[in-house]
Structures are given as C-alpha cells and as structure tokens.
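Structure first, commentary second.
In what follows, chains carry the letters A, B, and so on, assigned in the order in which the sequence lines appear, proteins first and then strands, with residues in each chain numbered from 1.
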Amino acid sequence: MSRYDPATTEAKWQTAWDKEGVFTARHDPAKPKYYVLEMFPYPSGRIHMGHVRNYTMGDVVARQKAASGFSVLHPMGWDAFGMPAENAAMERGGHPKDWTYGNIADMRAQMKPLGLSIDWSREFATCDPEYYGQQQAMFIDMLNAGLVYRKSAMVNWDPVDMTVLANEQVIDGKGWRSNAPVERRELTQWFFKITDYADELLSALDGLKDWPEKVRLMQANWIGKSRGLEVPFQRTDGAAPIVCYTTRPDTMRGASFIAISPDHPIAKALEADRPDLAAFLAECRRMDTTEAAMEKAEKLGIDTGLAVRHPVFKGQTLPVWIGNFVLMDYGTGAVFGCPAHDQRDLDFARKYGLPVIDAFHMPGNDTPVSNEALVPLKSEPVQYIDHFAGLGLTTGQDGIEKTIDWFAAQGLGTAQTRFRLRDWGISRQRYWGCPIPVVHCDACGVVPESKANLPVRLPDDVTFDIPGNPLDRHPTWRDCTCPKCGAAARRETDTMDTFVDSSWYYARFTAPHATTPTDLAEAEYWMNVDQYIGGVEHAILHLLYSRFFARAMQKTGHLPAKASEPFNALFTQGMVTHEIYQSRDKAGRPVYHLPEDVLRFNLMNEPVAFLRTDHATDLAEMTEDQLAALRLEAASTPIEIIPSAKMSKSKKNVVDPMNIIAAYGADTARWFVMSDSPPERDVEWTSSGAEAAAKHLARVWRIADEISRDATPANLGDTELQRATARTIADVTQGIEGFAFNKSVAALYALTNTLSKSTAGAVAKRAAMKTMAQLLQPMVPHLAEEIWAMLDGVGLVSQAAWPVADPALLVDDTVTLPIQINGKRRAEISVPKDMPAAQVEKLVLADEDVIRFLAGQPVRKLIVVPGRIVNVVI
RNA sequence: GCCCGCGUGGUGGAACGGUAGACACUGGGGACUUAAAAUCCCUUGCCUCCGGGCGUGCCGGUUCGAUUCCGGCCGCGGGCACCA
C-alpha cells in the first residue's frame, strides 16, 4: 500500500475498538473519573457539521482524559420528544414514534463512522417508556415535595389548531401553522416552582468558575433580582388598598396616577358595570404579546374612576387607570406613574392630561420637566425636592436605599426583593411528549398516579387528521380509576414540555438501566458532568432548567448532595458556517445555489464563483485569455459570495458530513473542524480547507510509512528532534486542556514539518512519530491507530498512556535575545541560557549592529530581561 | 433603552506587558513529468531611493517597551426588555 485509504482503515479500527470494548465506561473506585457530555441531539434524521464539531470536541477531551488515567464516561442519547414528529405525522402520515425511531437509527448510523469514543451501551431516547416512566416517578415525588403545582395562567391559544403555543410559535400575532390570530386565554396549567430557587440559582453562579462569564451573566439577567418597595395606596372609597411595587421609591413625590394591569382583579371586578371598560379589556386580551408588537404598540389606558391617597401626602389623591402596559405577573400588577422621571409615564400623562410633578432636579438646574423625562444614571447625584423622605443632594442609588428604609420605618411600605424569573409552565396540549402522571377524580380532585402504574404510556392508536391533542379525543386512554378512591376518573391529557426531558438526562446516563430514576451509588461516582459542551443558544433555558432540576432531584432524593450544580465546566462552541452562493432572478429576488453546483475559486486572491453547468470545469486547461474572460463574466453576472453564513436548507449552503466522510474519511472532517478557528468561535467550512486537511493526513501517513522502512543509524539532529517532540507534547496537551484545539493542531503541523525535514536517525524518528500518533489520537484516532500499528506500537494507541514531555528537553541551552534600541528591534545575539545580565550587557554594547545604530550616542539605560529581550535606551 | 463581547495580512487565526503575523488557506514562481494528477522546493503585510520607513479600528495615556493595561470615540456581533 502506498497511499492512505481512509475508508477501509477507519472501518477496521472501529471494529477493533468495539471488539475490545475500549470505550465502555467503568465504575472503577481506584481511578479518578471524568464525565464528558455533549448536548444530546434532536433526532431530525440527519447529522450536520455542527454535530461533527460538537462531538469531536467532546471526543478529543474524552480520549485525552482516558489516556491520562481517568475512568471516562462519554455517553450519547436522543432528545426525542417534540413537535417535529407530530408535524411529520400530520404532513406525511405515519406515526411520530416510527418517524422518531427511524430517525434515531439513521442518525446513529451516521454518527458511528465518526469514530467517537462513546459508550453506546448507555444510549437511550427520552421517548423510551423506560426513560419517561422514571421522569413521571420524579414528577410525582416533586409534586409531593411541593415543587409542582397547578394554577390558572394566561397562554397563547391557537383557535384553529386548538392548542397552546409557545411565544416563539406566535408570529405577528398569528399561529405559525394555522395563521389564525392567537388569543390570550386563561388555562389551568402545571408549573414547576423554579422561583423557590431563584436566589440560590443566582448566587450559585459565582461558584461556576469554569462556565463562560457570558453565560453566567445571561442567567443572572434572566433571573433578574431587584430590590424595591411594596407600597399600599389607600382607596378613597375605603376598599382594600392597591399595592404597588417600585424599584424607584425615591421618585414617589412625583407620583401622579396609579396604573393597574388589565388582568388585575380590580379591573375584572369593574368589567360588568362598565361596557367601555369591558371593551378596552377585550382589546387588551386580543393584543399581540410578541416583542416587536409591544415595541410598536401604543400605550393605552382607561380611567377606572377610582382614586387612591398618596401614601405620604395624605391630602393628595391619585386617579387609578388601567394601563395596557402593566403586566399582571411581575410585581403586584399595579404601579404608580411618575411622569417626570419615566419617559413612558410621561407620554401616558401627556396623552391623558395627567399632572407632571418633579421629584428631583439635576444640581444647579431646576427647570421643570416638560417634553423629556429626567432620567439620570443611578450613580449621578441629584437634588431631591422638599427633602422628600429626608433626602437631599445624593445619588439615585443612595436615594432608593434611604427611601426604602424611610418607608419601612414609617410603616408605609415594605422592602421587597423581586425576581424577573417566573415559574416554569410545563403543560403542553400535545401528543408526542411525556404524559403528566396525574388523574382527575370527581371525588378526590387531582391525584398523582400510583407509582405501580408507571409508566403512563402514550397510546399508539392515535390519529393526526384533526387539529388538537389526540390524547384529548382518544376514546379510552383518558379513562382510568382514581388511585385514591378507586372510582372512575380521567387521566390528565397534557404532556410535559420537552425541556423537562433534557433537564435530567445527564443524571440518567450514570445509570441508564436502573429501575429508579437514578442509582445513588452510580451518581455519587460519576456526577457531576466534568465538561459539558454545546451551543450558546441553550445558555439560558436548558442550562437554567437543568440547574433547577438537579436541586429538585436532590430534594426528592434522586441525586447526592455533591450534585446541586450538574455541570462543573461548560464550553459553548461556535457554529460551522459556509458561504452562500447567491444570484438574482429578473425580478431582483435572490436565488441560492448549492455548493456542488458552483465552481468557486480565487483569481489573484479574489474569490469568484459561477454556475458549474455554464462552463467546462477544468480551470487548468484554460488559457490566460479564457481566464480573463471568465473574470469579466464573473464581474458582470456574478454569483455573489456571502461568507460565514449559518448553514440552512433555504440558503442551500449546507454541507453534509456524510459527503465529506465518503470523499475523505472521518478523520479529515474531524481534523478540519478542530483546525484554524478557536472552538468558541464560528468556523467556516471551505472545500479547499477540507482538501488541505485530507492532504495533510495523507502526508503524515506517508512520512510514517517511510519511517517504518528507514534504517538510518543515530544521526545529526537526533536531539533536536527530541526537543521538538517534547515541545509538541507540551503544546498539544496545553491546547487540549485549555480548549484551544486549533493551537494543538498548529503544533502538530509544526512537528510534521520538522519531522519531514529532519536528518535524524531511524530510532529517533520512529520515537518522534510514535509520540505524534499518540498526540494525534484524540483528534484523528483512525490514522493514529494505523501509524501506531505500522511502527509496532504495543496494543491500541487509544489505550496508550498520554505522553509526558521530559522537562530537560523543554529548555534550550542557548537563547536568541532580540536587541531593541528605543523599543525597535535592531539586532539579536545568541547567548547561553543563564548568562549573567552584566555579561549580556557587555556583549550587547560590543555588537556591531548596536554600535552602528548608536552612532556614538551615549546609552541612557540598558534593560536586560533574562532569556527574553534587551532594550537599549538612548 | 439596559447588559455583555469583539475589531491583527487577500482569508481563518498565533503572540506570560518583551522579535507582531506561529500554523493553515489563498495567490505567485519553480522542480519532477511527453502531459496531467500526486509530490517537493522557493515566495506571499504595505511602502521603499534597498539604508530603511510604516503597520494590530481611530485618538490620547501609563511604560524602557502596548495587539495586550487605562480613558474617550467609531464600527460589528450577541443577550435582555412595556420588568415598574
């Protein structure tokens, strides 16, 4: 064999690994453990380059840790419930179950050729009854522990599809499928009490040192802790006071009205007697709640006719309005308006003729507020008017603190800490999800299903030809007996949000076949996940839910004390992007072209592209004139190249990993996605880069092949090669441990170049190449095994111990010192590593280049940084 | 609006405050070939009067020395947002 053949080689080594059970995770108390996890995929049916990058990163870490003496757990599973399966059933017929398990089989078959060091014996899908049954058991435990409750909540209701929609599924106020205007409807839903842990989920972020700062910040903002004041406003009619929440009590002097939410009980109470008000509330309910719509939506209000007394200035009354901008589920659903210091309140006041009262001025400028609200930074000092709440000249921050204390001391209000975080609503009116294991009994009310009856299985005989939840209209599935009294009862037909499924799968992997949700002994050994890797798009929801779930599982006895934070270290990787090839049709609309339909190359460093069908594809055969003509054509009717775009079917810029594996092998795909770009950043897939990666791997193989037949005795350059190898061990190790795989790759390129030029003897070269095989193993394991075997390595390189650099080889005896004159590099000298500074100075001043540059000028200062640099200041 | 992050050759990117551009892609030139493929070698920041000069978004500061630290701009990207 004179050429490296990935197809046969890769299959050969995968079989060898399987036979040896190399990647089976072993609970070995004598060894330290390491748990590597990549966010598990949704079984769409096809793997994409993003998967390849994600899993290769995890694989590099897993393989390097295994070689370094850890007992490694590196599992894989499927986040298998969710709407796409139902949509497929609706569009194409068939059953969501068949679609899903078919996709899983397809994707597994696509993943296996990648040669990932995964323990496939632990694989599961969240739609397996063995999995969701355990999830139901935990749900019941959490219900009993007070972590789950039912309440009525406003939801997005699609009247045509007859289902609740998530906010993301409401587009321009319409259902994404039905295109029907979405209604706001009040429904009774199941909730997880994540807010019980709001404070802890926030404060524990500080301990997550190995999480990206960005993600911790995003979570902190999402939880959104704020300190403020709750103030009751007494009603003039003597009814119960309206309680407002504010984070700016220092502006209370400027309060000129109260605004309550359309969903506020007071608003609802008035509805019956006030047709105009009822109409207004109906309008509010119809309102679109999407972000964009709210931005545009006008701030509307209606006067209730009620009035309250100002808590401090008792003689002063404030009108009570209903405002469409007041949210019922944040604070108390009622706010006071301070038009002088809030732009929205000012607009509202101007619109409805409400007074504008200043609470403070900027020091030295007491012009009253007119068209623009005065909203200085909280750190800026302001002059409070009339010593309201005892305030004078101070910052807003200080003013807020003092006012809270003042109100509390006067008994006019209570200090309150509020969170933006809401409880997690998990009810979904869908079929393809985990059934909520409760029954509704006329006598006993809502009763959890008996654990003996778990799993509550999804029925198979369902149809999707009618909108709505098939479980709801199933003739028999709903019928059951009450676990408490034995009477006939109805099963809950809502299923759980699929985010529940992915909130504990990491724990299930530690004991995937246990008959309880977890096995505490296994969890004690394997938890927590040491390295979690996935996309930054999950920075908030999935990761926050998982952090909550770990705590809830602890409370219900399903996880040991050590596992309150499930993921010790988190890495968020960037996307794999690809150019888009775009032209325009006669109407000027963009038309996209598949990479394989486009001939793309660089002419004098300028990228150009045209449709392959238009021309002969062989550039090399073209004359200069033809090339020039081509260039002209590209300039006049160009296919525009849009770089670094997210791969998407509609833009036709998706590169299928299967095509790459077929053409070059898995190692090439793995090598490419680890090269060049830092893992946290996006990497652009280029065909030239992929080809180059394949060429490089073939080159390494060729060099190894030559070395295997080399017989040169000990020779010049042996030591140098050893030094280079030691350097590479250090660099590659550092790269992997620091999640800078691109630097590890660069170091391996450098060693290849050194080795190919080396004049060293066969023994030294063989040793260097074997070390290289070990260092290549995490990234390109098949090639590494092949080289290892070629050079008579013992056993499998995947099971060989990670090489350690000899420290003596890492330090050079002589160093090249650059000499700067006034900070600019002018010369260099070569000196023994530990030459005393005084001696270096003498050499520097005697250097002919230095003398020439000094031109006789006196040296004012001479800085010698031993082993690094010399700077001469004149 | 609020909160983050990032700006380095034609491109992706390297660089404990110490030789800016490692490594790679692209491009240019050459060798070997009847020819091609494959492979190998040289070259590739800009300007240059070939001495050197200029260069890490822009302006300033700290330092013997700044891509790196500080301040202010400009540009790009991300997250959150009727949150009271």
Using the closest heavy atom to pick a nucleotide of RNA chain B for each, name whichever of A:Met218 or A:Thr686 lands nearer the 5' end. A:Thr686
Test item: side-chain donor near acceptor, A:Ser687 and A:Arg600, under 3.5 Å: no
Expressed as a whole number of Å, how far does the C1' atom of B:G21 sit from that of B:U26? 16 Å
Watson-Crick or G-U wobble partner for B:G1, using a 3.5 Å limit on both distances? B:C80
For B:C49 and B:G12, measure between their C1' atoms and round to the nearest Å. 37 Å
Please state whether the phosphate of B:C80, meaning OP1 or OP2, lies under 4.0 angstrom from any side-chain nitrogen or oxygen of A:Arg420. no
Applying side-chain contact (heavy atoms from CB on, under 4.5 Å), can you list everything that pairs with A:Ala259, at least two apart in sequence or on another chain? A:Phe257, A:Phe325, A:Val326, A:Val335
Heavy-atom protein contacts under 4.0 Å, nucleotides 16-22 of chain B, coded B base, S sugar-phosphate only, - none: B-BB--B
B:C50 pairs with which nucleotide, Watson-Crick or G-U wobble, both distances below 3.5 Å? none
Pairing partner of B:U19, by Watson-Crick or G-U wobble and under 3.5 Å for both distances, is none
With heavy atoms under 4.0 Å as the rule, sort A:Val326 into base, sugar-phosphate or nothing. base
If you look at every strand shown and take non-hydrogen atoms under 4.0 Å, does A:Arg860 touch a base, only sugar-phosphate, or nothing? nothing
With a 4.0 Å cut-off on heavy atoms, is A:Pro678 in touch with a base, just the backbone sugar-phosphate, or nothing at all? sugar-phosphate
Output every pair passing side-chain hydrogen bond (donor to acceptor under 3.5 Å, both in side chains) with a member in residues 860-874 of chain A, not counting sequence neighbours, ordered by first then second residue. none
Who does B:C6 pair with, Watson-Crick or G-U, both distances under 3.5 Å? B:G75
Pairs touching residues 219-231 of chain A that satisfy side-chain hydrogen bond (donor to acceptor under 3.5 Å, both in side chains), sequence neighbours left out: A:Asp199-A:Lys225, A:Gln219-A:Arg547, A:Ser226-A:Tyr245, A:Ser226-A:Tyr330, A:Arg227-A:Glu401, A:Glu230-A:Arg418
With heavy atoms under 4.0 Å as the rule, sort A:Asn822 into base, sugar-phosphate or nothing. nothing
Check every strand shown and say whether A:Tyr749 touches a base, only sugar-phosphate, or nothing at a heavy-atom separation below 4.0 Å. sugar-phosphate
Mutual orientation of the aromatic rings belonging to A:Phe571 and A:Phe739 [parallel < 30°, tilted 30-60°, perpendicular > 60°]: parallel
Is A:Ser256 close to A:Val356 at the side-chain level, that is, under 4.5 Å between some pair of heavy atoms? no
Sequence neighbours excluded - salt bridge (charged side-chain N to carboxylate O under 4.0 Å, His left out) pairs with any residue from residues 736-755 of chain A: none
Please name all residues satisfying salt bridge (Lys or Arg N to Asp or Glu O under 4.0 Å) with A:Glu684, sequence neighbours left out, ordered by chain then number. none
Per-nucleotide protein contact along nucleotides 39-59 of chain B, 5' to 3', at a 4.0 Å heavy-atom cut-off (B base, S sugar-phosphate only, - neither), is SS-----------SSS-----
Using distance only, find each side-chain donor-acceptor pair of residues 341-349 of chain A under 3.5 Å and give its atom names and separation, not counting sequence neighbours.
unit_1: A:His341; atom_1: ND1; unit_2: A:Leu374; atom_2: O; d: 2.8
unit_1: A:His341; atom_1: NE2; unit_2: A:Ala359; atom_2: N; d: 3.0
unit_1: A:His341; atom_1: NE2; unit_2: A:Phe360; atom_2: N; d: 3.4
unit_1: A:Asp342; atom_1: OD1; unit_2: A:Arg344; atom_2: N; d: 2.9
unit_1: A:Asp342; atom_1: OD1; unit_2: A:Asp345; atom_2: N; d: 3.0
unit_1: A:Gln343; atom_1: OE1; unit_2: A:Ala373; atom_2: N; d: 2.9
unit_1: A:Gln343; atom_1: NE2; unit_2: A:Asp347; atom_2: OD1; d: 3.1
unit_1: A:Asp345; atom_1: OD2; unit_2: A:Cys338; atom_2: N; d: 2.9

Is a donor-acceptor contact shorter than 3.5 angstrom present between the side chain of A:Arg422 and the base of B:C83? yes
Kindly state each residue pair satisfying salt bridge (charged side-chain N to carboxylate O under 4.0 Å, His left out) with at least one member in residues 536-545 of chain A, sequence neighbours excluded. none
For A:Asp731, the salt bridge (Lys or Arg N to Asp or Glu O under 4.0 Å) test, sequence neighbours excluded, returns A:Arg727
Using only heavy-atom distances, decide whether a donor-acceptor pair under 3.5 angstrom links the side-chain of A:Lys299 to the base of B:C82. yes
Between the protein and nucleotides 60-62 of chain B, which nitrogen or oxygen pairs come in under 3.5 angstrom?
none

Identify whether any heavy atom of A:Thr246 sits under 4.0 Å from a base atom; if not, whether one sits that close to sugar-phosphate; answer base, sugar-phosphate or nothing. sugar-phosphate
Using purine N1 to pyrimidine N3 plus N6-O4 or O6-N4 for Watson-Crick, or N1-O2 and O6-N3 for G-U wobble, both under 3.5 Å, which nucleotide pairs with B:C40? B:G30
With A:Lys351, which residues qualify under side chain to side chain donor-acceptor pair (under 3.5 Å), at least two apart? A:Glu298
Nearest-angstrom distance, P atom, B:G75 to B:G55: 24 Å
